[in-house]
Amino acid sequence: MKKLASLFLLIVALAAQSQTNPQSYSFSLQQAISHALTNNYQAINATRDIASAKQKKWETTASGLPQISANVNYLNNFKIQQNQFTVNGQTTTLSFGNYNSADASLQLSQLIFDGSYIVALQASKTYLKYYENAKQKTNTEIREMVINAYGNVLLAEESAAILEKNKATLAKTLADTQEIYKNGLIEEENVEQLQITLASINSSLSNTKRLLDITSKMLKLTLGIDIDDDLKLTDKLDDLTVSNLDKAFGQGEFAVTNNINYQMASNFQEQRALELKLQKSKALPTLGASVNFGSNTFGSRFTMFNSEQQWFNYSNLGIGLSVPLFSSLGRSARTQQAKIAFEQAKTQLTETEQKLKLQYESSKSDYEFSIEEYATSKSNLNLAERIEKKQQIKFKEGLSSSFDFSEAQRQLYTAQQNYLQSMVNVINKKAALEKIINKN
């Protein structure tokens, strides 16, 4: 028994440890997108919405199929109602009824015709289509979110790496300058200027490391994994940027009907059309039928379950027809409201189409500009590196002041950050354009 208890405790401890130990993930950008489309919290609930909509569709379908219900009733008249009769001037009081009665019945009902049911079947398909479109929209948004978050992590990693390199280079230059100052060959202000620049780099590096932690957790949240899990990104910022450089992308004709927002607006218009059709269908008659089978029994005592108790069977068939004749124009008013709502949906669809065309032109322009900006920042970085290198040589040889050297350094650091940001912009703007044209 003690061995079994020890084994049980060991299993529990191992299970608890497996739950607390962080998991490790390694993703390329495409792997991250695939993982998020399945495990992102919004994606999971969007899938559940579709499952719920399918059940709703079947619920609507089932309402027009045969319905069977069973009923069992028991009544105990512990004091039977008295009734008075007057015969030849004489009043007589009599009791009618039994102290105990029971009834058991089975009813089968079937809807034969109902215009609103036919419309409801059509609406249930539209209802399901809406959530399928919503799932697709969620997927496109998640894809863009992953690309942006993935790029932000890479940007923070590259920024931290560059700052570390700049820090090491500047620290060596500062050490050399301090030695020169000790020998009395330069002024102290040259050392102080370098110390100011180094302090600024240290501050930027600390902030970038904190930003890296935040962006990494944001990406984990988007991927649907625990923010304390280990995550390694296998793609490099340079490679992603080059793979997203395509000036010809988006030059073809924009098919607005492929955009998920347009499809959802079209779906909304279809819903409004069915609502109008539903109001019109309420002017049609409804026809239904039912069959009842039952048995009842009575007695002065509770003997319902005795084998000698006599039960009396009964059955009936019923057909019901309901024809709406006059509603004091209430039905007409509801129909007109549905017609107005349908016209509004048509206008909204046209507005959505025009907005999407404008968004496409704007996104295409942003993407083209990001490519141009990337080329410019890359050229500027090369120039800033050459300028900084020349100023460093001049500074060491005493031909340039510390202010000129520091200005060249600041210009280089700015060019480095602009270059990194331009790479991320190319990736993000391409993703935004792909989202509009619905390219996965």
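The analysis underlying the following values was restricted to heavy atoms, covering all of them including side chains, and did not include hydrogens, waters or symmetry mates. Keep in mind the model is a prediction, meaning the values are calculated, not measured.
Remark: side-chain polar atoms of Asn76 are not paired, donor with acceptor, to backbone N or O of Asn100 under 3.5 angstrom. With hydrogens and angles disregarded, a donor-acceptor distance shorter than 3.5 Å links the side chain of Asp235 to the backbone of Leu29. Here the side chain of Ser266 pairs no donor or acceptor atom with the backbone of Tyr262 at under 3.5 angstrom. With hydrogens and angles ignored, the 3.5 Å screen pairs a side-chain donor or acceptor of Asp114 with a backbone N or O of Ser116. Proximity of a side-chain donor or acceptor of Ser370 to a complementary backbone N or O of Tyr367 within less than 3.5 Å is detected. In this structure, the side chain of Lys394 does not engage the main chain of Ser400 through any donor-acceptor pair within 3.5 Å. Distance alone, capped at 3.5 Å, places no donor-acceptor pair between the Ser159 side chain and the Ala156 backbone. Using a distance-only test at 3.5 Å, with no hydrogens or angles considered, no donor-acceptor pair links the side chain of Gln107 to the main chain of Val291. Listed for the Thr215 side chain is a donor-acceptor partner under 3.5 Å among the backbone atoms of Leu212.
Less than 6.0 angstrom separates the ring centroid of Tyr374 from the ring centroid of Tyr419.
Taking the ring axis of Phe369 as reference, the NZ or CZ atom of Lys429 does not stay both within 45° of it and closer than 6.0 Å to the ring centre.
Sorted pairs that involve residues 322-346 and meet side chain to side chain donor-acceptor pair (under 3.5 Å), not counting sequence neighbours, are lacking altogether. Pairs engaging residues 121-172 under the ring pair (Phe, Tyr, Trp, His ring centres under 6.0 Å) rule: Tyr127-Tyr131 [sequence neighbours left out].
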Exercise for the section: Start with the C-alpha distance between Phe405 and Thr173, add both sets of side-chain angles, then the distance that settles side chain to side chain contact (heavy atoms under 4.5 Å, CB included), and finish with yes or no. Expected result: CA-CA 11 Å; Phe405 180 41; Thr173 302; 3.9 Å; yes
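When only modelled atom types and interatomic distance are considered, Asn139 and Lys135 share a side-chain donor-acceptor pair under 3.5 Å. Between the side chains of Gln421 and Asn425, a donor-acceptor pair is found at a separation under 3.5 Å. Using a 3.5 Å distance cut-off with no hydrogens or angles, the side chains of Gln42 and Thr138 do not pair a donor with an acceptor. No donor-acceptor contact under 3.5 angstrom links the side chains of Asn292 and Ser105, judged on distance only. Between Thr60 and Ser124, the side chains place no donor N or O within less than 3.5 Å of an acceptor N or O (distance only, hydrogens not considered). In the model, Gln416 has a side-chain atom that pairs as donor or acceptor with a side-chain atom of Asn166 under 3.5 Å.
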Compile the donor-acceptor pairs under 3.5 Å between side chains in residues 47-59 and protein atoms, sequence neighbours left out, one pair per line.
from	atom 1	to	atom 2	distance (Å)
Thr47	OG1	Ala43	O	3.0
Arg48	NH1	Asn45	OD1	3.1

